[in-house]
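To keep things clear, I will list the structure first and then write my remarks on it.
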Amino acid sequence: MTVRVRFAPSPTGHPHIGNIRTVVFNWLYARQNDGQFVLRIEDTDRTRYVDNAIPVITDSLRWLGMDWDEGPEVGGDYGPYIQSKRLDIYTQKAEELIEKGWAYRCDCSAERLNEVRERQRAQGDTPMYDGHCRDLPAGAVSPDEPHVIRLKVPREGETLVRDLLHGDIAFDNRLLDDQILLKTDGYPTYHLAVVIDDHMMGITHIMRGDDWISSTPKRVLLYQAFGWEPPIYAHVPLVLGPDGKKLSKRHGAVSIDEFRRQGYLPEALFNFLALLGWAPGEGDEQEVFSRAELIERFRLERINLASAVFDYNKLNWMNGVYIRALDTETLLDHLIPFWADAGLIPTPVPAEMLHTLRVLVPLVQERLKTLRDVVELTDFVFTDIDRPTIEKLLPKKMTPAQSLETVRQVQALLADLVHFDAESMEAPLRQLAKDLDIKPGQLFGIMREALTGKQVSPPLFGSIEALGREKTLQRLERAEDVLMEHLKRQA
RNA sequence: GCCCCCAUCGUCUAGUCUGGUCUAGGACACAGGCCUUUCAAGCCUGGUACAUGGGUUCGAAUCCCGUUGGGGGCACCA
């Protein structure tokens, strides 16, 4: 049997990182078994439809490196893959259920339904349809008048959900609602459409969030009603925010697009997501996996049952691991959009600026948690920095006069340097510290403040090379001014 | 309220099915140290966990039951 799994999002906005983690499991399972991964759009709720949502979903999947064998944009033998284009199928199947005695028409008003629900709630009962239209004689509700079609859930017995991960879960049928299958507007509800489509599309395994467990018996009943074999269910845990609640916007980034804009590499995010609820086990402590390794090593049966907290810290670490593994040119390509977005460089990048960037990349590579960090780390190269304050130019145990002399000597040295690069300036600068009888740290501290405006910067000599001789000398001159003014005021 | 799921360091997890090798292993984060022009990276060291009560057993993180805690569901939403 060929494995066929699916991702069936509704086009209501950006895909959520928690749902995407579940998609990762599905995709890995399909690829590992040489199966098919199907993308199906569940747009049966016209009130929540968001116009641009489908391309957002497909872009997100593609960015993360997950392709689909059938679905929008690629077609397939089981289409259409957009539910709103399959309405006639659902209507026909719903009628079929009525004929079989598994469904009935209902024309109860929303007001009546609300009243019933409120009464039940007040009494502490589980709100559910009271069966008002359930046993009406055939034809009592005209097919031509507005109405819904409901599932006729058996009033006794229990329904068993077989789950690959959880085992068998039994539900008392009396607690199951007569679920609406076809809405007044002629659209199916999720429950009807999903069962029909999964069956007709030959889906073999359904992996999805365990928040669906409670509604699964209704689906199992539908399979029984149609006389179809249900797929294999595997309910996987949800992803929570750091406070233990369902992950949401207030926890930080939740849409794939946000992670991309914040400078996460898709390979790192994919790796991280795969580890949210799955681990190789058997004593294997590997955590960094290539896509190919994940496809090979992933085991559906090993998915954890407990929900996992999304740890941004660990994602940052893993993103850093992936960034450090990149070669300079690749990292440069990744970084350019972030420099450009911050307004630090123009696009396309002028040739002479490209040289500066190439100097910078190795300096920042092991300092980046996200690609966007490069902005904060290197902005001083591209923009003006604040005039240094006198305090910042005075390392411990140094007088203003000493500092001034130091700045002047550095200026002279760098002005005369034949090759203005990191390698050429290190030895003479270290010698200068000796000559001035100060510690290298004191010298470099002053220079760092004067040239980068920061107490923390990328390695100094490389930063100076990237900055270039002209700007370097200008900034040293400004530091000299600050020190001279201070001395004059003191005198 | 009713129904369902879950439970090992702060977090992700290994170990649970097939009880003993677990004075519970790894990773992230945190603290200290080394390296060092700052910050990183790297290396070394450290603290922190089997929710709880009862069984079963020679022996339980591992099996059973209760309790507690957390999460989810109860729509003409998916």
Side-chain angles (χ1 to χ4, degrees), chain A residues 8-12 42-45 47-48 106 108 110 113-114 117 120-129 146-150 161 163 165-166 169-172 175-177 179-185 187-191 193-194 209-217 235 237-238 240 242 244-246 272 275-288 301 304-318 320 324 363-369 373 377 426 429-430 433 439-445 447-449 452 454-461 463:
Chain A
S10 53
T12 54
E42 310 217 321
D43 59 342
T44 54
D45 184 357
T47 60
R48 294 204 308 160
C106 165
C108 289
L113 258 21
N114 278 335
R117 254 194 296 272
Q120 291 166 331
R121 231 170 226 137
Q123 289 174 354
D125 293 335
T126 300
M128 57 194 286
Y129 184 60
H147 68 282
V148 301
I149 296 179
R150 287 182 184 273
V161 172
D163 187 288
L165 265 14
H166 294 266
I169 307 167
F171 291 85
D172 188 334
L175 267 18
L176 263 29
D177 206 355
Q179 186 65 46
I180 290 177
L181 302 176
L182 208 64
K183 301 182 251 183
T184 313
D185 64 6
Y187 279 69
T189 58
Y190 176 73
H191 303 281
V194 79
D210 64 17
D211 49 343
W212 289 106
I213 290 180
S214 309
S215 67
T216 307
H235 287 93
L238 298 179
L240 310 178
K245 306 282 182 211
K246 207 169 171 176
F272 179 77
L275 257 34
L276 227 45
W278 174 83
E282 292 165 353
D284 191 329
E285 277 152 0
Q286 185 176 349
E287 298 204 276
V288 178
E301 304 75 27
N304 261 305
L305 296 180
S307 34
V309 172
F310 192 97
D311 186 0
Y312 289 87
N313 255 328
K314 189 155 185 177
L315 171 61
N316 284 341
W317 163 78
M318 186 165 279
R324 271 171 252 135
L363 303 182
V364 298
Q365 182 155 27
E366 64 190 24
R367 272 154 257 265
L368 297 174
K369 294 256 184 283
D373 288 346
L377 231 39
E426 174 155 6
L429 281 169
R430 286 191 186 278
K439 288 181 181 158
Q442 293 176 304
L443 171 62
F444 301 144
M447 291 176 67
R448 177 169 286 110
E449 278 294 351
T452 70
K454 299 172 191 284
Q455 280 179 289
V456 172
S457 80
L460 188 59
F461 312 128
S463 298

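Each chain gets a letter, A, B and so on, in the order the sequences are listed, and its residues count up from 1.
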[X] near the nucleic acid: base, sugar-phosphate alone, or nothing, with a heavy-atom cut-off under 4.0 Å?
X: A:T44; answer: sugar-phosphate
X: A:S215; answer: nothing
X: A:P459; answer: base
X: A:G277; answer: sugar-phosphate
X: A:L276; answer: sugar-phosphate
X: A:V148; answer: base
X: A:R430; answer: base
X: A:N304; answer: sugar-phosphate
X: A:L275; answer: sugar-phosphate
X: A:E287; answer: base
X: A:F461; answer: base

Atom-to-atom span, [atom1] of [X] to [atom2] of [N] - whole angstrom:
X: A:K183; N: B:A78; atom1: NZ; atom2: C1'; value: 9 Å
X: A:F310; N: B:C12; atom1: CZ; atom2: P; value: 12 Å
X: A:N114; N: B:C76; atom1: CG; atom2: P; value: 9 Å
X: A:E282; N: B:C17; atom1: CD; atom2: P; value: 14 Å
X: A:K314; N: B:G10; atom1: NZ; atom2: C1'; value: 13 Å

_Ring center gap for A:F444 and A:F461 short of 6.0 angstrom_ =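 They qualify: ring centres under 6.0 Å apart.
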
Tabulate atom names and distances for all N/O pairs under 3.5 angstrom spanning the protein and nucleotides 69-72 of chain B.
residue : atom : partner : partner atom : Å
B:G71   : OP1  : A:K245  : NZ           : 2.3
B:G72   : N2   : A:S214  : OG           : 3.3

_Does A:Q286, at its CD atom, have more than 12 non-hydrogen atoms belonging to other residues, nucleotides or ligands within less than 6.0 Å?_
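More than 12 heavy atoms, drawn from other residues, nucleotides or ligands, come within 6.0 Å of this atom.
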
*Hey, is NZ on A:K439 packed in by over 12 heavy atoms from elsewhere, all under 6.0 Å?*
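12 or below, so no.
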
*Residue mapping more 5' on RNA chain B - nearest nucleotide basis, A:P127 or A:L368*: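 Taking each residue's closest nucleotide, the earlier one in sequence belongs to A:L368.
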
*Determine the Euclidean distance between corresponding C1' atoms of B:U23 and B:C9; express it in Å to zero decimal places.*
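So the two C1' atoms sit 16 Å from each other.
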
